[in-house]
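Before any comments, here is the structure.
Since this is a predicted model, take the numbers as computed values, not measurements.
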Amino acid sequence: QVQLVESGGGLVQAGGSLRLSCVASGRTFSSYAMGWFRQSPGKEREFAAAISWSGGSTYYADSVKGRFTIARDNAKNTAYLQVNSLKPEDTAVYYCAATQRRTVSSYYSKMASEYSYWGQGTQVTVSS
């Protein structure tokens, strides 16, 4: 079992930045590739970014590429999502998730069904 706890969300003006954190406890954090998803009211959960177990490979959704950066620190059991140049349409609950796969792929990393463990989410609200 892996427990995930996100933090770092908040209210920010358009163009602003936040750094979201996801702290993991339980089984070995470095065994898992990690992903970040987001969900707005009335919409399906949407993939944002994923990172391999070592941090050596990353994959981003087109909608966030160039603005969001995913990273991890295995020594701290923590994954991060740096979100820059925020837009009102980025408003959502952001979730981190862990998959038992160790690598990332443009095929499976974007599928929520690939992830076995989820955090409770952190709200990001972007005002115009």
Side-chain angles (χ1 to χ4, degrees):
Q1 285 282 353
V2 176
Q3 292 79 43
L4 303 173
V5 179
E6 302 96 333
S7 63
L11 173 64
V12 63
Q13 289 187 332
S17 299
L18 289 170
R19 188 175 79 156
L20 309 183
S21 298
C22 172
V23 178
S25 60
R27 298 182 64 182
T28 307
F29 177 68
S30 60
S31 297
Y32 301 90
M34 299 295 295
W36 284 92
F37 289 74
R38 61 186 184 180
Q39 188 167 20
S40 305
K43 294 187 178 181
E44 293 188 357
R45 193 163 295 190
E46 175 191 27
F47 168 76
I51 189 167
S52 64
W53 70 276
S54 66
S57 298
T58 57
Y59 174 60
Y60 296 92
D62 288 343
S63 58
V64 307
K65 199 175 295 183
R67 299 188 299 123
F68 290 11
T69 302
I70 190 171
R72 67 189 296 160
D73 185 338
N74 287 343
K76 295 182 178 180
N77 283 3
T78 304
Y80 304 96
L81 187 68
Q82 178 69 40
V83 295
N84 298 331
S85 302
L86 283 164
K87 306 173 183 179
E89 52 263 42
D90 294 318
T91 295
V93 177
Y94 283 70
Y95 298 90
C96 70
T99 171
Q100 294 184 11
R101 293 186 187 267
R102 304 188 79 190
T103 58
V104 298
S105 161
S106 60
Y107 173 68
Y108 54 73
S109 292
K110 60 181 178 289
M111 295 189 288
S113 58
E114 285 288 325
Y115 296 81
S116 303
Y117 306 103
W118 293 83
Q120 84 291 347
T122 186
Q123 176 71 47
V124 172
T125 302
V126 185
S127 62
S128 57

Gln3 and Gln1: side-chain contact (heavy atoms from CB on, under 4.5 Å), yes or no, with the steps? CA-CA 7 Å; Gln3 292 79 43; Gln1 285 282 353; 3.6 Å; yes
Decide yes or no on side-chain contact (heavy atoms from CB on, under 4.5 Å) for Leu81 and Phe68, but give the supporting numbers first. CA-CA 7 Å; Leu81 187 68; Phe68 290 11; 4.1 Å; yes
With side-chain contact (heavy atoms from CB on, under 4.5 Å) as the criterion, how do Tyr95 and Leu4 come out once you've worked through the C-alpha distance, each side chain's angles and the decisive distance to 0.1 Å? CA-CA 9 Å; Tyr95 298 90; Leu4 303 173; over 6 Å; no
Evaluate the side-chain contact (heavy atoms from CB on, under 4.5 Å) criterion for residues Ser106 and Tyr59: first the C-alpha distance (whole Å), next the side-chain angles of each, then the deciding distance (0.1 Å), finally the verdict. CA-CA 7 Å; Ser106 60; Tyr59 174 60; 3.7 Å; yes
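The two residues Ile70 and Tyr60 have their closest heavy-atom pair at N-OH, 2.9 Å. Shown here for Ile51 and Val104, the closest heavy-atom pair between the two residues is C-CG1, 3.4 Å. The two residues Cys22 and Met34 make their nearest non-hydrogen contact at SG-CE, 4.1 Å. Among all heavy-atom pairs drawn from Ser21 and Trp36, the shortest one is O-CH2, 3.8 Å. The two atoms that bring Ala50 and Tyr115 nearest to each other are CB-OH, 3.8 Å, heavy atoms only.
For Gln120 (side chain) and Glu6 (main-chain N/O), a donor-acceptor pair under 3.5 Å exists by modelled atom type. Side-chain atoms of Ser40 come within 3.5 Å of backbone atoms of Thr91 as a donor-acceptor pair (strictly under, hydrogens ignored). Of the possible donor and acceptor atoms, one in the side chain of Arg67 sits under 3.5 Å from a partner among the backbone N and O of Ser85. Between the Asn74 side chain and the Thr28 main chain, no donor and acceptor come within less than 3.5 Å of each other.
Residues Glu89 and Ser63 fail the side-chain proximity criterion, which asks for heavy atoms closer than 4.5 Å. Between Arg72 and Tyr80, the closest side-chain pair of non-hydrogen atoms is not below 4.5 Å. Within the 4.5 Å cutoff, side-chain heavy atoms of Gln100 are placed close to those of Tyr117.
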Please tabulate, for side-chain N and O atoms in residues 8-20, each donor-acceptor pair with protein atoms closer than 3.5 Å (sequence neighbours left out).
residue	atom	partner	partner atom	Å
Ser17	OG	Asn84	OD1	2.9

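In terms of the side-chain hydrogen bond (donor to acceptor under 3.5 Å, both in side chains) criterion, residue partners of Tyr94 (sequence neighbours excluded) are, by chain and number, Arg38.
Arg102 contributes atom CZ, which lies 9.5 Å from atom OG of Ser52 (distance to the nearest 0.5 angstrom). Note that the CH2 atom of Trp118 and the CZ atom of Phe37 stand 4.5 Å from one another [nearest 0.5 Å].
When hydrophobic residues (I, L, V, M, F, W, Y) are linked wherever their side-chain heavy atoms come within less than 4.5 Å, the members clustered with Tyr107 are Tyr108, Met111.
Using a cutoff of 4.0 Å between basic side-chain nitrogens and carboxylate oxygens, Lys87 and Asp90 are not scored as salt-bridged.
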